[in-house]
Amino acid sequence: MPDRDTVSYNTMIQGCVRNRNLSAARQLFDEMPHRDTVSWNTLISAYAECGRVELARQTFDATPNKNSISWNGLLAAYVQNGRLDDARKLFDSNPHWEAVSWNAMIAGYVRRKRLVDAQLLFDRMPRRDIISWNTMISGYAQNGDIAEARQLFEISPNKDVFTWTAMVSGYAQNGMMEEARRVFNEMPDRNSVSWNAMIGAYMQCGNVGEARQLFEAMRCRNISSWNTMVTGYAQAGMIEDARRVFDEMPQRDSVSWAAMIAGYSQSGFSEEALRLFLEMGRNGERVNRSSFTCALSTCGDNAMLECGKQLHGRLVKAGYGLGCFVGNALIAMYFKCGSIDEASMAFKEMKEKDVVSWNTMIAGYARHGFGNEALQVFDQMRTKGIKPDDVTMVGVLSACGHTGLVDKGIAYFNSMHKEFGVSPKAEHYTCMIDLLGRAGRLAEAQALIRDMPMEPDATMWGALLGASRIHKNSKLGEKAAEKIFEMEPENSGMYVLLSNMYASSKKWTDVGKLRKIMQERGVKKVPGFSWIEVKNVVHSFSVGDLVHPEKEKIYAFLEELDMKMKTAGYLSATEMILHDVEEEEKEHLLKYHSEKLAVAFGILNVPPGRPLRVIKNLRVCQDCHNAIKYISAIEDRLIILRDSNRFHHFNGGSCSCGDYW
DNA sequence: TTAGGGTTAG
């Protein structure tokens with residue numbers, strides 16, 4: 001007979017665990033007069049769920065009468081927390097496992113993409129059940145081995161709705177939409193998951209119409225179905241349709257909110273994204289990790305450092321301090337706001353780091369021109385045994401490019417396939433064209449474009465055009481520009497780049513011609529503006545700004561600064577301006593570029609000793625870049641400027657970009 | 001212990 005007292009204690013402990021109140025659970029457990037195996041097992045699985053693997057192990061070791069549930073609990077603790085090798089040790093230490101445990105171990109391998117280990121275990125299994133088969137089938141399907149999945153599917157002794165749905169989404173995820181649809185049509189039974197998988201697949205391949213038709217024909221719609229539609233519309237750029245579905249849906253959960261926030265955030269509707277984030281909390285919905293992640297990403301995109309810090313505080317309070325997605329979003333936010341120190345703090349504080357965490361650090365340092373730091377992180381990553389992926393290599397190559405480590409970059413590029421198993425893709429070739437071009441090795445950059453195993457795209461020609469501008473090779477620049485205009489006739493940034501190149505060679509007739517072409521084609525130069533956040537208020541400036549309330553103070557200060565700069569040896573680079581006007585007027589226009597206005601405003605309003613963080617929507621102009629170097633020395637300020645391409649840290653008269661951008 | 005919806009790096 002079970003002790004009635006013990007049973008009610010167990011029930012209470014389970015209640016605490018459901019509310020994730022571990023300490024209350026532990027207290028009850030400690031004060032129990034008699035514990036049975038259920039009590040011990042409850043505690044083991046509670047620790048497992050909260051990621052406290054060591055405590056789970058200790059509890060397991062102390063459990064007097066272990067049953068199969070105790071063993072499975074500890075196994076799950078290891079598997080769920082990614083400690084597969086510990087799980088395997090435990091698994092091998094006990095010959096009496098049930099199918100559930102075999103399946104758990106196999107699923108763990110599958111989740112970590114260790115298909116070989118999964119298959120070996122599957123082959124050794126004495127009695128496979130349908131879940132074992134399904135785990136293997138979906139494992140292969142989701143890892144791109146659709147042929148193997150299909151083969152297992154054919155020979156599997158039983159098939160249920162899981163099996164069929166795994167095949168549908170497997171085909172869909174591998175871009176085989178016709179097969180996916182065929183399997184979907186053939187399925188003997190479909191549930192809402194099967195429908196949602198098919199709808200989501202259509203959405204992901206851009207077939208919004210087919211997705212909508214299925215959604216409308218579907219009778220077993222659940223929240224996920226609606227969420228799929230919200231996400232699909234948002235990702236197709238149909239943000240209004242997404243909002244309509246979001247408003248129409250009969251019930252929302254935290255995923256619905258997160259999907260809508262992400263939609264706004266990714267479509268550039270930052271205000272709406274942040275507003276919805278706040279509304280989510282007010283509506284009593286528990287703000288989940290993904291909403292935090294999206295909101296952080298919005299702050300990063302707009303360089304709203306203060307807002308980002310507030311979110312950081314809120315998410316720590318909400319208990320979301322750990323975890324890869326949130327942590328990675330924090331790192332990225334701090335980098336994008338120009339705060340390298342806080343980015344690396346956030347990185348250090350993460351208990352578990354995934355490949356994205358490392359990639360974010362490498363790319364972050366690279367964008368700031370801290371190439372050596374980026375490469376140090378890359379070395380640490382390899383020391384820790386984390387396998388670099390294609391994004392890692394983009395970061396590494398651009399770190400080399402932005403720091404002038406040309407030979408190192410070439411060496412990484414040549415060995416990346418052999419050493420890291422990452423074969424060069426278009427992005428890597430773009431990095432290399434940029435790297436060679438910046439270094440003035442234009443012929444090699446051209447040769448690379450010619451001999452690549454893929455067609456060059458506009459970004460690659462853009463890298464070559466940028467390099468031609470820096471090294472004043474207008475012939476090559478023209479060739480690159482021609483290609484770009486063929487592919488992207490409305491890319492105004494490239495017209496400006498080309499025009500600047502003509503201007504710096506004083507080819508004013510060509511500048512004029514180009515301006516005429518731009519007019520004819522209706523290409524508008526995007527107006528440049530810069531902004532700076534002071535005391536939680538964003539101040540933005542355009543060239544020759546006459547709107548800002550403190551404009552007189554700013555202009556007077558700039559005049560003063562100009563004198564000091566000239567004394568220190570500054571020459572205004574009148575050659576870089578777009579228009580062919582009188583020298584004096586050119587100088588006048590340059591003096592009041594938006595980035596200079598924002599810097600001047602910052603010096604006047606940010607307490608001495610604190611860095612200035614200025615953002616510009618376009619690339620920084622050469623004259624401003626030169627001037628801000630002088631200003632950083634004269635005013636003894638760290639000035640961090642984010643332009644559309646990268647970061648510049650101006651300090652003591654020089655810039656972290658080493659004058660290449 | 002298996003299938004679907006949200007989030008991070010470029």
Side-chain angles (χ1 to χ4, degrees), chain A residues 72 75-76 79-80 97-108 110-111 129-139 141-142 160-170 172-173 187 190-201 203-204 222-232 234-235 253-263 265-266 288-297 300 320 323-333 335-336 354-364 366-367 389-395 397-398 425-428 430-431 459:
Chain A
N72 283 331
L75 187 69
V79 170
Q80 281 162 18
W97 292 101
E98 309 151 325
V100 197
S101 327
W102 286 83
N103 291 342
M105 195 67 233
I106 293 174
V110 165
R111 221 172 297 140
D129 63 12
I130 191 162
I131 295 181
S132 328
W133 284 92
N134 290 348
T135 307
M136 288 310 297
I137 291 171
S138 76
Q142 282 173 8
D160 62 5
V161 67
F162 280 79
T163 330
W164 286 92
T165 308
M167 286 309 293
V168 171
S169 60
Q173 279 165 25
M187 290 176 74
R190 285 180 279 264
N191 62 13
S192 42
V193 178
S194 333
W195 282 85
N196 294 345
M198 201 62 230
I199 294 173
M203 277 299 195
Q204 273 192 347
N222 57 11
I223 294 190
S224 291
S225 327
W226 290 88
N227 291 346
T228 308
M229 295 302 288
V230 172
T231 315
Q235 283 173 354
D253 62 7
S254 55
V255 174
S256 331
W257 287 87
M260 198 62 232
I261 294 169
S265 159
Q266 284 156 7
N288 56 354
R289 282 189 163 85
S290 20
S291 308
F292 265 114
T293 308
C294 278
L296 284 171
S297 148
Y320 288 148
C324 283
F325 274 94
V326 170
N328 296 343
L330 265 179
I331 302 173
M333 184 274 291
F335 266 127
K336 286 182 181 169
D354 62 7
V355 68
V356 177
S357 327
W358 293 93
N359 291 351
T360 311
M361 286 301 288
I362 293 170
R367 279 184 73 84
D389 65 9
D390 50 337
V391 181
T392 319
M393 294 318 293
V394 171
L397 295 178
S398 74
K425 294 202 292 195
E427 304 90 280
H428 304 107
T430 308
C431 287
T459 338

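Note that this is a predicted model, so its numbers are computed, not measured. Residue numbers start from 1 in every chain, and the chains themselves are labelled A, B, ... in the order their sequence lines are given, proteins ahead of strands.
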- Does the base of dG5(B) carry an N or O that pairs as donor and acceptor with the side chain of D253(A) under 3.5 Å? yes
- Has F325(A) got its ring stacked on dT7(B), by the test of a centre gap below 5.5 Å and a plane angle below 30°? yes
- Message: Let me confirm one number: the CD-CE distance from Q235(A) to M203(A), rounded to the nearest 0.5 Å.
- Response: 9.5 Å
- Consider the side chain of N222(A), meaning its heavy atoms from C-beta on, and name the nucleotide among dT8(B), dG6(B), dG4(B) that approaches it most closely. dG4(B)
- Query: Which distance, rounded to the nearest 0.5 Å, do you find between the OG of S297(A) and the CD of Q266(A)?
  - Reply: 7.0 Å
- Message: Let's test your reading of the model: under 3.5 Å, does the base of dA3(B) pair with the side chain of N191(A) as donor and acceptor?
- Response: yes
- Query: Sequence neighbours excluded, which residues qualify as side chain to side chain donor-acceptor pair (under 3.5 Å) partners of S194(A)?
  - Reply: T165(A), N191(A)
- When you measure from the side chain of D354(A), which nucleotide among dT8(B), dG6(B), dT2(B) comes out closest? dT8(B)
- Message: Distance check needed: dG6(B) C1' versus Q235(A) CD, whole Å only.
- Response: 10 Å
- Item | Candidates dT7(B), dG5(B), dG4(B) - which lies nearest the side chain of Q266(A) | dT7(B)
- Query: Rounding to a whole Å, what distance do you find between M393(A):CE and dG10(B):P?
  - Reply: 16 Å
- Donor on one side chain, acceptor on other, S101(A) and N72(A), under 3.5 Å: yes
- Protein-nucleotide distance (W226(A), atom CH2; dG6(B), atom P), rounded to Å: 17 Å
- For K336(A) and dA9(B), is the shortest distance between a side-chain N/O and OP1 or OP2 below 4.0 Å? yes
- Please work out if I137(A) contacts a base, only the sugar-phosphate, or nothing of the nucleic acid, heavy-atom cut-off 4.0 Å. nothing
- Looking at every strand, decide which applies to V394(A) at a 4.0 Å heavy-atom threshold: base, sugar-phosphate, or nothing. sugar-phosphate
- Message: Nearest to the side chain of S224(A), heavy atoms from C-beta on, is which of dA9(B), dG4(B), dT2(B)?
- Response: dG4(B)
- Task: Could you tell me whether D389(A) contacts a base, only the sugar-phosphate backbone, or nothing, with contacts defined as non-hydrogen atoms closer than 4.0 Å?
- Result: base
- Message: Rounded to whole Å, how long is the line connecting atom CZ of F335(A) with atom P of dT8(B)?
- Response: 17 Å
- Whole angstrom value for the distance that separates P of dA9(B) from CD1 of I362(A): 15 Å
- Query: Looking at dT2(B), dG6(B), dA3(B), which one has an atom nearest to any side-chain atom of A259(A)?
  - Reply: dG6(B)
- Find the distance between CG (L296(A)) and CE (M333(A)) and round it off to the nearest 0.5 Å. 5.5 Å
- Query: Which is true for D160(A) with a 4.0 Å heavy-atom rule: it touches a base, it touches only sugar-phosphate, or it touches nothing?
  - Reply: nothing
- Looking at dG10(B), dT1(B), dA3(B), which one has an atom nearest to any side-chain atom of S138(A)? dA3(B)
- May I have the distance from M333(A) (atom CE) to dA9(B) (atom P), rounded to whole angstrom? 12 Å
- Message: I need the M229(A) CE to N196(A) CG distance, nearest 0.5 Å.
- Response: 10.5 Å
- Item | Nearest to side-chain heavy atoms of T293(A), which nucleotide of dA9(B), dA3(B), dT7(B) | dT7(B)
- Query: Closest heavy-atom contact between A172(A) and A201(A)?
  - Reply: CB-CB, 3.3 Å
- Whole angstrom is fine here: how far is it from CG in N288(A) over to P in dT8(B)? 12 Å
- Consider the side chain of T135(A), meaning its heavy atoms from C-beta on, and name the nucleotide among dT7(B), dT2(B), dA3(B) that approaches it most closely. dT2(B)
- Would you mind telling me which of dA9(B), dA3(B), dT8(B) lies closest to the side-chain atoms of F162(A)? dA3(B)
- Item | Value in whole Å for how far the C1' atom of dG5(B) lies from CH2 of W257(A) | 17 Å
- Looking at the side chain of V193(A), which of dA3(B), dT7(B), dG5(B) is the nearest nucleotide? dA3(B)
- Report yes if at least one side-chain N or O of Q204(A) is closer than 4.0 Å to OP1 or OP2 of dG5(B); otherwise report no. no
- Query: Closer than 4.0 Å, any side-chain N/O of Q80(A) to the OP1 or OP2 of dT1(B)?
  - Reply: yes
- Item | Base of dG6(B) paired with side chain of S290(A) (donor-acceptor, under 3.5 Å) | yes
